Amino acid sequence: MDMNAVNEFVAAWYLALDNHAPTEELASLVTDDVQMIFPEATLPGVNDFKAWYSGGTYSNGTQAPGVINIFFDEN
């Protein structure tokens, strides 16, 4: 992966987040074994990513409200 590919990915990622793209569109940008690492938790896998993004249940049973339901005006 070269810097152009990284820059394109980052631009697509943040545009999709800003536009609250459909869950499957964002999920297509990550691998099945993605790990989202936050100070409060590490979320393993694409299913936990989907729960983080749009709401649902994490693999550990914790409920997630979904960031698109919490943050709605990121300008």
Side-chain angles (χ1 to χ4, degrees):
M1 189 174 250
D2 63 17
M3 280 308 288
N4 284 339
V6 171
N7 288 334
E8 288 176 15
F9 169 79
V10 170
W13 178 260
Y14 282 101
L15 181 62
L17 285 175
D18 191 46
N19 290 330
H20 294 193
T23 303
E24 293 304 320
E25 183 178 328
L26 253 76
S28 73
L29 297 175
V30 299
T31 61
D32 289 340
D33 62 349
V34 65
Q35 278 197 346
M36 300 286 291
I37 300 172
F38 300 103
E40 64 276 8
T42 297
L43 306 176
V46 72
N47 289 331
D48 276 12
F49 166 76
K50 291 177 182 180
W52 169 83
Y53 181 68
S54 61
T57 305
Y58 292 131
S59 58
N60 68 3
T62 304
Q63 290 297 308
V67 296
I68 62 172
N69 300 315
I70 299 170
F71 302 104
F72 50 87
D73 187 8
E74 299 86 21
N75 290 331

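It should be emphasised that the depicted structure is a prediction, and the values quoted were computed from it without experimental measurement.
Between Ser59 and Asp48, the shortest heavy-atom distance links the atoms N-OD1, 2.7 Å. Nearest heavy atoms, Asn69 versus Ser54: ND2-O, 3.4 Å. Taking both residues in full, the closest heavy atoms of Thr57 and Gln63 are given as OG1-NE2, 2.7 Å, listed atom of the first, atom of the second, then distance.
At a threshold of 4.5 Å between side-chain heavy atoms, the hydrophobic network of Ile, Leu, Val, Met, Phe, Trp and Tyr places Ile37 and Tyr58 in two separate groups. Leu29 and Leu15 fall into different hydrophobic clusters, defined by Ile, Leu, Val, Met, Phe, Trp and Tyr side-chain heavy atoms under 4.5 Å apart, directly or through other members.
Among pairs with a residue in residues 24-44, those fulfilling ring pair (Phe, Tyr, Trp, His ring centres under 6.0 Å) read Phe38-Trp52, at least two apart in sequence or across chains. The list of salt bridge (Lys or Arg N to Asp or Glu O under 4.0 Å) pairs with a residue in residues 52-70, not counting sequence neighbours, is empty.
In this view, Ala5 and Met1, Asp2 satisfy the side-chain contact (heavy atoms from CB on, under 4.5 Å) rule, not counting sequence neighbours. Remark: Asn60 pairs with Thr62 by the side chain to side chain donor-acceptor pair (under 3.5 Å) rule, at least two apart or across chains. Glu24 pairs by the side-chain contact (heavy atoms from CB on, under 4.5 Å) definition with Ala27, Lys50, not counting sequence neighbours.
Residues Trp13 and Tyr53 keep their aromatic ring centres 6.0 Å or farther apart.
Other residues, nucleotides and ligands contribute at most 12 non-hydrogen atoms within 6.0 Å of the OH atom of Tyr14. Within a 6.0 Å radius of CG in Asn7, other residues, nucleotides and ligands contribute more than 12 heavy atoms.
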Distance-only criterion, 3.5 Å: show the donor-acceptor pairs between side-chain atoms of residues 40-47 and protein atoms not counting sequence neighbours.
none

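Between Val34 and Thr31, the closest side-chain pair of non-hydrogen atoms falls below 4.5 Å.
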